[in-house]
Amino acid sequence: MPAPTRLVVLVSGSGTNLQALLDACADEAYGAQVVAVGADREGIEGLTRADTAGVPTFTAKVKDYSSREHWDRALADKVAAFEPDVVVLAGFMKLVGAAFLDTFGGRTVNTHPALSPSFPGMHGPREALEYGVKVTGATLFIVDAGVDTGAIVAQTAVEVRDEDTEQALHDRIKVAERSMLVDAIGRMAREGFSVEGRRVRFGG
Ligand code: GRF
């Protein structure tokens, strides 16, 4: 069996997407391994989940650096120390910058709780509800310099219900989002992937 694809996962919160990846990686046949988990803050459940799984962790807090650029460089260096093949932003609430993308561009993915190109930014579920769409979902994309603008790897649709609150909708999106993430990262690991302009394809 080929060596597993090395994943570094970056988190800022509860880390349920991270947990889904950790669970999937427990099966050797999945083809990937979480080699480290990084965060932009301390004391979050995501880091506890990594500790429990025996995965090394690190933090890089913006306020510990003299500028956003220094933070971005430091984050890239900390991630690079674990020699990832793919970096997964899983609920990571910071935009990575030029230095990070110089090193990891084209192999950093992020998951967003809306169907891109609709509702980019921090409030995808709320804005979908306010707009009145009947279908929303989640998008996995290759990170570029924009906000949730990168080439799309995978999407999953979720029906909006009349009685939905922002929380209820986001919770339902997250269920679909986790399966999408696990499925797509597994395929990237086992089959490889290519990015040509806005088109992402699985396969060598
Ligand atoms: C996910 O819905 C992600 O798309 C969004 O924040 C949520 C993170 O959830 N940016 P978790 O930390 O993986 O539980």
Side-chain angles (χ1 to χ4, degrees), residues 7-26 30 32 34 36-53 55 57-62 75 79 86-97 100 108-131 133 135-161 164-186 188 200:
L7 308 176
V8 169
V9 183
L10 300 183
V11 295
S12 299
S14 61
T16 63
N17 282 288
L18 164 66
Q19 188 66 56
L21 284 173
L22 289 168
D23 293 348
C25 289
Y30 182 65
V34 179
V37 172
D40 63 332
R41 61 197 78 187
E42 277 157 9
I44 54 169
E45 210 185 331
L47 290 174
T48 309
R49 290 176 189 276
D51 286 340
T52 304
V55 172
T57 63
F58 60 89
T59 53
K61 292 186 262 181
V62 172
L75 179 69
V79 171
V86 174
V87 182
V88 183
L89 312 188
F92 187 61
M93 303 309 272
K94 291 280 184 305
L95 292 176
V96 296
F100 191 95
T108 298
V109 294
N110 190 7
T111 172
H112 175 59
L115 286 179
S116 298
S118 295
F119 314 122
M122 304 275 280
H123 304 294
R126 184 192 306 171
E127 288 173 11
L129 259 189
E130 283 170 356
Y131 197 92
V133 295
V135 176
T136 184
T139 301
L140 185 72
F141 61 94
I142 306 282
V143 175
D144 66 8
V147 177
D148 301 326
T149 50
I152 292 169
V153 178
Q155 292 189 298
T156 185
V158 172
E159 185 194 1
V160 180
R161 296 181 187 156
D164 266 338
T165 58
E166 180 184 354
Q167 188 65 52
L169 178 59
H170 195 179
D171 286 348
R172 234 169 40 259
I173 290 171
K174 284 179 70 169
V175 174
E177 185 179 29
R178 289 191 287 266
S179 327
M180 172 192 72
L181 179 69
V182 166
D183 178 64
I185 295 291
M188 289 168 79
V200 182

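Indexing begins at 1, ligand by ligand and atom by atom, following the structure's order.
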Distance-only donor-acceptor hits, side chain of residues 149-161, under 3.5 Å, sequence neighbours excluded:
from, atom 1, to, atom 2, distance (Å)
Thr149, OG1, Asp144, OD1, 2.7
Thr149, OG1, Asp144, OD2, 3.2
Gln155, NE2, Ser116, O, 3.1
Gln155, NE2, Thr139, OG1, 2.9

Quick one: nearest non-hydrogen protein atom to [atom], plus distance?
{"atom": "atom 6 (O) of ligand 1", "answer": "Gly91 CA, 4.0 Å"}
{"atom": "atom 7 (C) of ligand 1", "answer": "His170 NE2, 4.0 Å"}
{"atom": "atom 1 (C) of ligand 1", "answer": "Glu177 OE1, 3.2 Å"}
{"atom": "atom 9 (O) of ligand 1", "answer": "Lys174 NZ, 3.0 Å"}

Notebook entry, point to check: Taking the non-hydrogen atoms of Met122, is any one of them nearer than 4.0 angstrom to ligand 1?
Noted result: no

Notebook entry, point to check: Could a heavy atom of Thr111 be found less than 4.0 Å from some atom of ligand 1?
Noted result: yes

Notebook entry, point to check: Within the structure, does Gly15 bring an N/O atom to less than 3.5 angstrom of an N/O atom in ligand 1?
Noted result: yes

Check: Of all heavy-atom pairs between Asp148 and Gly121, which one has the smallest distance, and what is that distance?
Finding: OD2-N, 2.8 Å

Next item on the list: Please report the shortest heavy-atom distance between Asp40 and Lys61, naming the atom on each side.
Entry: O-CG, 3.5 Å

Donor-acceptor contacts under 3.5 Å from residues 179-186 side chains, at least two apart:
from, atom 1, to, atom 2, distance (Å)
Ser179, OG, Val175, O, 3.3

Check: Would you say the side chain of Val79 lies within less than 4.5 Å of the side chain of Phe58, judging by non-hydrogen atoms?
Finding: yes

Margin query: Taking the side chain as everything from C-beta on, heavy atoms only, tell me whether Leu18 gets closer than 4.5 Å to Phe92.
Written below: no

